[in-house]
Amino acid sequence: MNQRQAPFDVTVGATLPPLELPPINRTTLALFAGASGDHNQIHIDTDYARKAGMVDVFAHGMLSMAYLGRLLTQWVDQRQIRSFGVRFTGITHLGHKITCSGRVVERFEADGEQRVKLEIETRNQYGDTRIVGDAVIAL
């Protein structure tokens, strides 16, 4: 397998180039619902969301996880991802402008490969964390 080299420093503490996304809007939610097959009404039907006690619809958690996946695959080929997991810590509302970021927290060897462990997260334009997670990447 011909693997790309990480295009930046992979020492502990190094950061990935951030991925800044446009504000979440209804079109994005509708397109993600169609692409993912997740048509949960809380994400696409304002009346339903309000009956559930929300001000309006809000982004699918998996949409933000997909954005984190894009952060990783803009850095390395997807075949180099060994693990990728997240925990949802807050709701991403309409109008939130999400920034994805990552930081190298460990270098190690496993199964004959040099690898790095990353801490990854999404934050909105107010600095509120929405997702935290980690990923392991083969170098």
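In this chain, numbering begins with 1 at the start of the sequence shown. Atoms considered below: every heavy atom in the structure, side chains included; atoms not considered: hydrogens, waters and symmetry mates. The shown structure was predicted, so the numbers you read here are calculated from the model rather than taken from an experiment.
- Linking ILVMFWY residues whenever their side-chain heavy atoms come closer than 4.5 Å, directly or via other members, places Met62 and Val57 in the same cluster.
- Residue Gly85 comes nearest to Met65 through the heavy atom pair CA-CE, 4.4 Å, listed as atom of the first residue, atom of the second, then distance.
- Contact of the Val12 side chain with the Val116 side chain is not registered, since no non-hydrogen atoms from C-beta on lie closer than 4.5 Å.
- A heavy-atom distance below 4.5 Å is found between the side chains of Ile24 and Leu29.
- Residues meeting the ring-ring contact (aromatic ring centres under 6.0 Å, His included) test with Tyr67, sequence neighbours left out: none.
- Between the side chain of Thr89 and the main chain of Arg130, a donor-acceptor pair closer than 3.5 Å is present.
- Chaining together hydrophobic side chains whose heavy atoms lie under 4.5 Å apart leaves Ile44 on its own.
- You'll find the side chain of Leu72 reaches within 4.5 Å of the side chain of Ile120, heavy atoms only.
- If you chain together ILVMFWY residues whose side-chain heavy atoms come under 4.5 Å of each other, Tyr126 ends up in a group of its own.
- Distance CG/Leu19 to CH2/Trp75: 14.5 Å, rounded to 0.5 Å.
- Counting only N and O atoms by type, the side chains of Arg123 and Thr129 include a donor and acceptor under 3.5 Å apart.
- When hydrophobic residues (I, L, V, M, F, W, Y) are linked wherever their side-chain heavy atoms come within less than 4.5 Å, Leu31 remains an isolated member.
- With sequence neighbours left out, the salt bridge (Lys or Arg N to Asp or Glu O under 4.0 Å) criterion links Arg70 to no other residue.
- Put simply, the side chain of Asn25 gets close to the backbone of Thr28: a donor and an acceptor are under 3.5 Å apart.
- Proximity of Met54 to Ile91: side-chain heavy atoms (C-beta onward) are separated by under 4.5 Å at one or more points.
- For the pair Ile42 and Phe58, the minimum side-chain heavy-atom distance is below 4.5 Å.
- Screening residues 22-47 for salt bridge (Lys or Arg N to Asp or Glu O under 4.0 Å), with sequence neighbours left out, gives Arg26-Asp56.
- Contacts of Gln125 classified as side chain to side chain donor-acceptor pair (under 3.5 Å), with partners at least two apart in sequence or in another chain: none.
- Ser36 is linked by a side chain to side chain donor-acceptor pair (under 3.5 Å) to nothing, counting only residues two or more places apart in sequence or in another chain.
- A distance of 11.0 Å separates CD1 of Ile98 from CD of Glu20, quoted to the nearest 0.5 Å.
- Put simply, the side chain of Leu16 reaches to within 4.5 Å of the side chain of Leu71, judged on heavy atoms.
- Evaluation of the salt bridge (Lys or Arg N to Asp or Glu O under 4.0 Å) rule for Asp111 yields Arg115 as partners, not counting sequence neighbours.
- Checked by atom type and distance alone, the side chain of Arg79 never pairs as donor or acceptor with a backbone atom of Val76 at under 3.5 Å.
- Only one option out of Leu21, Ile131, Asn124 pairs with Ser64 in a side-chain contact (heavy atoms from CB on, under 4.5 Å); it is Ile131.
- Listed here is the closest heavy atom pair of Gly95 and Pro23: O-CB, 3.7 Å.
- Without hydrogens or angle criteria, His96 side chain to His93 main chain gives a donor-acceptor distance under 3.5 Å.
- Partners of Glu106 according to the side chain to side chain donor-acceptor pair (under 3.5 Å) rule, which considers only residues two or more places apart in sequence or in another chain, do not exist here.
- The minimum heavy-atom distance linking Cys100 with Thr122 is given by the pair SG-CG2, 3.8 Å.
- Taking the side chain to side chain donor-acceptor pair (under 3.5 Å) definition, one finds that Thr27 meets it with nothing, sequence neighbours left out.
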For residues 132-139, dump all side-chain donor-acceptor pairs below 3.5 Å to protein atoms at least two apart in sequence or in another chain.
none

